[in-house]
Amino acid sequence: MDEDVDRIKGLLAPPLQAAGYHLENVKAVAAGPRRTLTVVVDLDESSTDPMSMEKIAESTKIVGDALDEVEIFRDKPYQLEVTSPGATRKLETPRHFRRVIGRRLEITTKKDTFKLDLAEVGETSITGTNPQSREITQVPLDDIRKAQVELKFR
């Protein structure tokens, strides 16, 4: 099944990228005769907008059109799910952090847990303002154990 996933990634990445999307992940699960193909799509890293339902629908059409042209899972039936990474995903790569510039993050490092209003993302560190002390803080990515966007409910 890993061969199918790698082939599917190769099929989906170019048309999604051409439309301004990023293929985050492809996961194939087989349970008895049923198969589920989950495709996680995000916006290009130049955007800090959330992935809207309209964007999910548009990316689903791109994924569906690309997969209609090829044999998947040896032509066995499968369920296709196209989704976004979600607002609470763990931030692990510079690309993930670039998508949330301007948002408040909760960060756990080797030494501490704190909040940071994210302003800049480099290849090896992130920089932002601590909302309590108002100090500008730079955090090496290697020191981060866990980072997530702090959700605000209105």
Side-chain angles (χ1 to χ4, degrees), residues 1-31 35-64 66-67 72 79-154:
M1 195 169 318
D2 289 341
E3 297 168 7
D4 286 334
V5 169
D6 289 341
R7 189 169 58 99
I8 292 166
K9 286 179 178 176
L11 288 168
L12 297 179
L16 286 169
Q17 185 176 6
Y21 296 102
H22 173 77
L23 178 62
E24 189 77 24
N25 196 16
V26 174
K27 183 178 175 184
V29 176
R35 295 176 188 271
T36 301
L37 181 66
T38 304
V39 179
V40 182
V41 177
D42 198 3
L43 292 175
D44 182 82
E45 70 182 78
S46 64
S47 173
T48 57
D49 294 335
M51 190 75 169
S52 67
M53 291 305 294
E54 292 79 19
K55 296 290 186 186
I56 290 288
E58 184 179 304
S59 61
T60 298
K61 179 165 180 14
I62 294 168
V63 169
L67 294 179
I72 302 290
Q79 181 175 350
L80 174 63
E81 296 176 353
V82 178
T83 185
S84 73
T88 59
R89 76 169 165 191
K90 290 182 183 176
L91 305 171
E92 298 176 324
T93 67
R95 183 195 166 317
H96 293 162
F97 285 98
R98 283 186 195 101
R99 287 276 296 128
V100 296
I101 287 176
R103 308 275 305 266
R104 181 166 292 172
L105 308 181
E106 183 167 320
I107 297 175
T108 301
T109 65
K110 298 171 187 173
K111 298 177 185 174
D112 198 8
T113 297
F114 56 94
K115 296 183 190 296
L116 186 76
D117 294 335
L118 184 62
E120 294 180 30
V121 178
E123 287 304 314
T124 59
S125 66
I126 60 173
T127 305
T129 304
N130 181 318
Q132 290 181 333
S133 66
R134 307 303 305 158
E135 292 179 15
I136 294 176
T137 304
Q138 186 175 35
V139 184
L141 291 175
D142 288 343
D143 287 354
I144 297 174
R145 297 281 188 221
K146 182 180 177 185
Q148 285 183 296
V149 171
E150 180 181 276
L151 296 180
K152 293 180 181 176
F153 297 99
R154 297 178 191 172

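Of all non-hydrogen atoms in Val40 and Ser84, the two that sit nearest each other are CG1-C, 3.8 Å. The two residues Leu12 and Ala66 have their closest heavy-atom pair at CD2-CB, 3.7 Å. Arg99 approaches Asp42 most closely through the heavy-atom pair NH2-OD1, 2.9 Å. Minimum heavy-atom separation, Ala13 to Leu23: N-CD2, 4.0 Å. In terms of heavy atoms, Pro94 sits closest to Leu141 at CG-CD1, 3.7 Å.
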Query raised in the report: Passes side chain to side chain contact (heavy atoms under 4.5 Å, CB included), Arg7 versus Ile72? Steps please.
Result: CA-CA 9 Å; Arg7 189 169 58 99; Ile72 302 290; 4.2 Å; yes

Query raised in the report: Can Ile136 and Thr127 be said to form a side chain to side chain contact (heavy atoms under 4.5 Å, CB included), step by step?
Result: CA-CA 7 Å; Ile136 294 176; Thr127 305; 3.7 Å; yes

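Under the side-chain hydrogen bond (donor to acceptor under 3.5 Å, both in side chains) criterion, Ser125 pairs with Gln138, not counting sequence neighbours. Residues forming a side-chain hydrogen bond (donor to acceptor under 3.5 Å, both in side chains) with Glu150 (at least two apart in sequence, or on another chain): Lys115. Partners of Thr108 according to the side-chain hydrogen bond (donor to acceptor under 3.5 Å, both in side chains) rule, which considers only residues two or more places apart in sequence or in another chain, are Thr113. Residues forming a side chain to side chain contact (heavy atoms under 4.5 Å, CB included) with Thr137 (at least two apart in sequence, or on another chain): Leu116, Asn130, Val139. With sequence neighbours left out, Arg103 forms a side chain to side chain contact (heavy atoms under 4.5 Å, CB included) with Val100, Val149, Leu151. Evaluation of the side chain to side chain contact (heavy atoms under 4.5 Å, CB included) rule for Leu80 yields Leu37, Val39, Val63, Leu67, Tyr78, Val82 as partners, not counting sequence neighbours. Residues meeting the side-chain hydrogen bond (donor to acceptor under 3.5 Å, both in side chains) test with Glu81, sequence neighbours left out: Thr38. Taking the side chain to side chain contact (heavy atoms under 4.5 Å, CB included) definition, one finds that Ser46 meets it with Asp44, sequence neighbours left out.
For the atom pair Leu43 CG and Met51 CE, the distance stands at 5.0 Å (nearest 0.5 Å). For the atom pair CG of Leu118 and CD1 of Ile126, the computed distance is 5.5 Å after rounding to the nearest 0.5 Å.
Of the residues listed (Glu24, Glu45, Lys90), the one engaging His96 in a side chain to side chain donor-acceptor pair (under 3.5 Å) is Glu24, and it is the only one.
Annotation: salt bridge (Lys or Arg N to Asp or Glu O under 4.0 Å) contacts involving residues 116-130, sequence neighbours excluded, comprise Arg98-Glu123, Arg104-Asp117. Applying the salt bridge (Lys or Arg N to Asp or Glu O under 4.0 Å) definition to pairs two or more places apart or across chains, none involves residues 8-21. Among residue pairs with one or both ends in residues 125-148, those qualifying as salt bridge (Lys or Arg N to Asp or Glu O under 4.0 Å) are Lys110-Asp143; sequence neighbours excluded. The salt bridge (Lys or Arg N to Asp or Glu O under 4.0 Å) contacts involving residues 52-64 comprise Lys61-Asp65, where partners must be two or more places apart or lie in separate chains.
Side chains of Gln132 and Phe114 form no contact here, defined as non-hydrogen atoms less than 4.5 Å apart. Proximity of Leu91 to Ile144: side-chain heavy atoms (C-beta onward) are nowhere separated by under 4.5 Å.
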